[in-house]
Amino acid sequence: MKSQYLNAKEKYARIGVDIGDAISVLKSIPISIHCWQGDDVNGFENIGQSLSGGIQATGNYFGKARTPDELMADFDKAISLIPGKKRINLHASYAIFDGEPADRDNLKPEHFTKWVCFAKKKGLGIDFNSTYFSHPKAKDGLTLSHPDPKIREFWINHGVSCRRIAAFIAKELNTYCLHNVWIPDGLKDIPADRLSPRLRLKDSLDQIFSEKFDNVIDSVESKVFGIGLESYTVGSNEFYMSYAAGHNSVYNLLDNGHYHPNEKVSDKIASLLAFFDKVPLHITRSVHWDSDHVVLFDDETKEIANEIIRNDAADKVLIGLDFFDASINRVAAWVVGARSVQKALLNALLHPWEYLKKLQDNADFTELMVLREELKTYPFSEVWTAYCEDQNVPANESWLSYVKQYEQDVLQHRNSSPTA
Ligand code: RNT
Ligand code: ZN
């Protein structure tokens, strides 16, 4: 084992890569893990609304979390098998009510104190999303751009409450809190007016973002289309890109499921880095469309990681995960997705980028191609193993036995209604 590691160290050293340095950088890069993989984006409001807004979780694997305690326990199991620095990404619909439930326009920091305690205990940061879907007032697919000022006001108040909650979280945890806005607003069929909804959205956002907070980073997330909203998306890429460009503290979040299949988010990151000091990211895997499959160690994930690492942007790109697969063990899904992103980051850290950039500048495209191809069979797995050992998590597929044990001990005993 040791000699394999030394062998790998020597091999990488010959191309100018120090694997010890790679491991120490990797350790410091936080991954924000989305809570919503644990319960198919359900949340805890119990308002009788199924998932809406043009997104869908498919599958019916047993054992999904039904209560805050179950979701926290499942999340905890997942993070025990994921190396490195972690944050938890919450949605407003995961508010925990002790007494009377509050509607979305009236959410308060106290509805998230249990999450804050959980995060403190586990050493996690928290990111936050306002929730503009799965609610009776979002039924017709419009929220912040709705023609009815009363409905708009409801959702503006939601955004305002959520930013106050994000500020509370940031203060409690003494780290930034990314507050992201994604709205489903769009139309199934060809619009008669594309501009008015966008002007209304612009005005709603201005109202939501008018209060200033330390340590809250705001972002807006565009999308190409949603199910049932195929013809028009109010919050399009151009709309939000322009909005972010015109507002100092609002950033454009890139979700790599939200573009045409031939567009690559890996290519967009550097464009944004030329103009913004933060680039929030949702890493997902889209199969033909925004299907939100579990993230794998695949070419696009690797290329996204390459962009982050070779542009020295690990503190600018805020990495979050966004997928929801209900057809497999949900805890395993979290672990696969998070470990895949970390593998991609490590893979990127094991490239001699300065040298490769020089080859590009010198137009030596032959050596550039040859070296990149040869690097694909370098002993990456030895370094990944060393990293996992350093972080006290299983290095290979053996982590699954812990999830299977948990499935047997805990998940299998969950029927459809929660026990107290
Ligand atoms: C939807 C967006 C959004 C959601 C989550 C639940 O297409 O990707 O980020 O997935 O907020
Ligand atoms: Zn997303």
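Atoms within a ligand are numbered from 1 in the order they appear, just like the ligands themselves. We use all heavy atoms of the structure for the numbers below, so side chains are in, but hydrogens, waters and symmetry mates are not.
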>> Under 3.5 Å between any N/O of E221 and any N/O of ligand 1: does that happen in this structure?
In response: yes

>> Which residues pass the side chain to side chain contact (heavy atoms under 4.5 Å, CB included) test with R198, not counting sequence neighbours?
In response: R194, Y232, V234, S236, F239

>> Quick check: of its N, O or S atoms, which one does H282 have closest to the Zn ion (ligand 2)?
In response: ND1

>> Between D218 and R163, does any side-chain N to carboxylate O distance fall below 4.0 Å?
In response: yes

> Any idea which protein heavy atom is nearest atom 4 (C) of ligand 1, and the distance to it?
Replying inline: D322 OD2, 3.6 Å

> What atoms of ligand 1 come within less than 4.0 Å of a heavy atom belonging to F324?
Replying inline: 10 (O)

> Mind checking whether H135 and F154 have ring centres under 6.0 Å apart?
Replying inline: yes

>> Please state which option from H258, H282, K223 has its nearest heavy atom closest to atom 2 (C) of ligand 1.
In response: H258

>> Between the Zn ion (ligand 2) and E221, which N, O or S atom of the residue is the nearest one?
In response: OE2

>> I'd like to know if H34 contacts ligand 1, where contact means a heavy-atom distance under 4.0 Å to any ligand atom.
In response: no

> Could you walk me through whether D322 and W36 pass the side-chain hydrogen bond (donor to acceptor under 3.5 Å, both in side chains) check?
Replying inline: CA-CA 8 Å; D322 185 9; W36 54 92; 2.9 Å; yes

> Charged N to carboxylate O under 4.0 angstrom, D290 versus K223?
Replying inline: yes

> To the nearest 10 degrees, how large is the angle at the Zn ion (ligand 2) between D255 OD2 and D322 OD2?
Replying inline: 90°

>> At less than 4.0 angstrom from any non-hydrogen atom of I55, what atoms of ligand 1 do you find?
In response: 1 (C), 7 (O)

>> Less than 6.0 angstrom from the centroid, inside 45 degrees of the normal: does K343 satisfy that with respect to the ring of W384?
In response: yes

> Is the closest side-chain donor-acceptor distance between N329 and E407 under 3.5 Å?
Replying inline: yes

>> Under 4.0 Å, heavy-atom basis, I'd like to know which part of D290 is in contact with ligand 1: side chain, backbone, both or neither.
In response: side chain

> Which protein non-hydrogen atom lies closest to atom 11 (O) of ligand 1, naming both residue and atom, and how far is it?
Replying inline: H91 NE2, 2.7 Å

> Is the distance between the ring centroids of H34 and Y94 less than 6.0 Å?
Replying inline: no

